[in-house]
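Accompanying notes for the structure given below.
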Amino acid sequence: MENYILPKRQAITVFFVFAFGYFLSCLLRAITATLSPVLTLEFELMAADLGLLAGGYFLGFASMQIPLGYLLDKFGPKKIVSSFLLIAFIGTLSFALAQSFSGLLISRILIGVGVSACLMAPLTGYRIWFAENQQQRANSWMLMIASLGFLSSTLPVQLLLPSLGWRWLFGGIAGLILISIFLMLAFIPKWDHQKEESLENPVRQGSLSDVWKNKFFISVIPMGLFNYGGLMAIQTLWAGPWMIRVAGYTPLESATGLFWINITMLVSFFLWGYFLPRITNLGFSALKILKLGLPVSFLVMLTIIILGSKAGAFYITLFILSSIFLSVTQPAVGLSFQSHLAGKALTSFNLLIFLGTFIMQWVMGLVIDLVKNYGYTEIIGFKAAFSFFLFLSLISYIFFLIINKKS
């Protein structure tokens, strides 16, 4: 498919409509970190149960990424994202009505399936409708919207809990999903089927194997699973329990800490998106940014592990902030392929991220429970889980360097 660059005003409208849907998906993604004390108490959850529940979103999300790539390339963002959001609506309502852990888990998986197109649909659209030098900026600003969603899942949710309760909160989010569906149908451009007819030629269309055999894609597979997946696992779940169970915060203090973490990330992604085109114009490719930037996040995580109970919201914020360099990976993957493979490439990498997030959320919970079962304190359990994440991240980074040593 050839690019069709949208007029500026229409491009801005398209961005904000997509951004609203992505905001809701990120709100639903991160809300378990704030609700973890309430859900743990009401349903008597262990750490592994909590990790599995939070990870259920990512399991549903990851399961759809490969078929989603084909669907987006064939039918375009408008039809796919509006259809999938109907599933998210059903999942959100069923979560609000759930009476057991299994009901919560099934609903959470449905939510993950339903919002699985909320980032990939816009990134596929931007690949066609936005100029190439604006795609990195659009991606970073979508991550800014993600931070806004995460932000809304913290202190605002904590403050609304006493008056509304967590069930009514999910009912309200379900209503917002319906509004998002209407906006998608009203304002997102139709896919150009005349141009898409060329995709009927399988040589032109390319296959999924073309993506997975690509050298750069191979080099970021472990990074997507463990670096990116672990970062998301901490940001959307384990940051909250760490502050409560390790640093000694109250639930309100933890929610406030998460609030300021995401305020910082929102501003950071805005500035990162604004300056990134200028940075790349200076000769700093995505490859170079990853090589030079990622070690900073490793040092910060090591500091958190060493400090233990002394590492509160400030250090968690510093770690997430120092991981901002990972944000260049996804658009770099998309730009590594011709536009007719963009959907498959982006959703394949997204599969790695969200499968990795599910794995890391669950496994970190298992590590915590395992260490406690051997008679060690919960603080030692959390430090062991974070150390395991750091080890996998270092191995993934070394693999990335080896594959790209001549680049």
Side-chain angles (χ1 to χ4, degrees), residues 1 13-30 56-92 107-130 135 138-139 141-143 145-146 149 173-174 176-192 196 199 208 211 224 228 232 236 330-331 333-334 337 339-355 357-358:
M1 178 180 288
T13 301
V14 166
F15 177 85
F16 277 107
V17 170
F18 276 140
F20 181 57
Y22 188 48
F23 163 81
L24 294 176
S25 78
C26 292
L27 171 62
L28 287 166
R29 183 192 310 175
Y57 172 103
F58 299 98
L59 180 62
F61 202 111
S63 68
M64 294 308 302
Q65 293 308 298
I66 297 302
L68 185 60
Y70 285 94
L71 292 170
L72 285 171
D73 284 337
K74 184 172 181 61
F75 298 107
K78 181 174 185 171
K79 288 183 179 180
I80 299 307
V81 73
S82 56
S83 300
F84 272 58
L85 279 173
L86 282 174
I87 302 173
F89 171 74
I90 294 169
T92 306
S107 301
R108 188 83 175 145
I109 292 172
L110 280 176
I111 292 171
V113 170
V115 300
S116 61
C118 286
L119 180 60
M120 291 301 96
L123 292 188
T124 302
Y126 298 158
R127 184 70 178 83
I128 304 299
W129 297 325
F130 284 25
Q135 288 177 40
N139 180 77
W141 282 352
M142 287 298 282
L143 295 178
I145 297 300
I173 295 171
L176 294 176
I177 291 173
L178 286 180
I179 294 173
S180 178
I181 293 171
F182 170 78
L183 293 174
M184 296 282 183
L185 294 174
F187 293 105
I188 300 303
K190 293 182 179 179
W191 214 231
D192 192 331
E196 281 190 320
L199 295 179
L208 200 60
V211 174
Y228 223 134
M232 296 295 293
T236 60
Q330 201 158 40
V333 167
F337 298 89
S339 59
H340 63 277
L341 274 171
K344 296 181 186 68
L346 289 166
T347 52
S348 292
F349 188 68
N350 219 38
L351 166 66
L352 296 171
I353 294 174
F354 285 91
L355 182 60
T357 307
F358 167 72

- Heavy atoms of S107 and G91 approach each other most closely as CB-O, 3.6 Å
- Using a 4.5 Å cut-off on heavy atoms from C-beta on, say whether the side chain of V14 contacts that of P189. yes
- For T13, what residues pass the side chain to side chain contact (heavy atoms under 4.5 Å, CB included) criterion, not counting sequence neighbours? V17, F187
- Task: Go through the structure and list residues passing side chain to side chain contact (heavy atoms under 4.5 Å, CB included) with L86, not counting sequence neighbours.
- Result: I181
- Query: Say you draw a straight line from OH of Y22 to CG of L123; how long is it, rounded to the nearest 0.5 Å?
  - Reply: 8.0 Å
- Query: For the atom pair CG (N350) and OG1 (T357), what is the distance rounded to the nearest 0.5 Å?
  - Reply: 9.0 Å
- Item | Donor-acceptor contact below 3.5 Å, side chain Y57 vs main chain S25 | yes
- Donor-acceptor contact below 3.5 Å, side chain T347 vs main chain Q65: yes
- Note on the structure: Heavy-atom nearest pair, S116 first then L68, reads O-CD2, 3.2 Å
- Item | Test item: I66 and L351 side chains (from C-beta on) under 4.5 Å apart, heavy atoms | yes
- Query: Are any non-hydrogen side-chain atoms of R29 and F58 less than 4.5 angstrom apart?
  - Reply: yes
- Task: Using the side chain to side chain contact (heavy atoms under 4.5 Å, CB included) rule, take L183 and F16 through it: C-alpha gap first, then chi angles, then the decisive distance, then the call.
- Result: CA-CA 10 Å; L183 293 174; F16 277 107; over 6 Å; no
- Task: Begin with the C-alpha distance, continue with both residues' side-chain angles, and end with the deciding distance and a verdict on side chain to side chain contact (heavy atoms under 4.5 Å, CB included) for L208 and S348.
- Result: CA-CA 8 Å; L208 200 60; S348 292; 3.5 Å; yes
- Task: State, to 0.1 Å, how close F358 and G56 come at their nearest heavy-atom pair, and which atoms those are.
- Result: CD1-N, 4.2 Å
- Message: Pair F354, M64 - check side chain to side chain contact (heavy atoms under 4.5 Å, CB included), show working.
- Response: CA-CA 10 Å; F354 285 91; M64 294 308 302; over 6 Å; no
- Query: When the ring planes of F15 and Y126 are compared, do they come out parallel, tilted or perpendicular, using 30° and 60° as the limits?
  - Reply: parallel
- Query: Passes side chain to side chain contact (heavy atoms under 4.5 Å, CB included), C118 versus L85? Steps please.
  - Reply: CA-CA 8 Å; C118 286; L85 279 173; 3.7 Å; yes
- Note on the structure: One should read off an interatomic distance between I109 CD1 and F61 CZ, to the nearest 0.5 angstrom, of 14.5 Å
- Work out which heavy atom in A345 is nearest to a heavy atom in F337; give both atom names and the distance. CB-CD1, 3.4 Å
- Query: Do you know the tightest heavy-atom contact between L24 and S180?
  - Reply: CD1-CB, 4.0 Å
- Quick one: closest heavy-atom pair of V113 and F84, and the distance? O-CD2, 3.3 Å
- Side-chain (K78) to main-chain (L185) donor-acceptor, under 3.5 angstrom: yes
- Query: Between CD1 of I111 and CD1 of I90, what distance do you get to the nearest 0.5 Å?
  - Reply: 11.5 Å
- Query: Got a second to check how far Q330's CD is from L352's CG, nearest 0.5 Å?
  - Reply: 10.0 Å
- Hey, could you give me the CD1/CD1 distance between I188 and I80, rounded to the nearest 0.5 Å? 13.5 Å
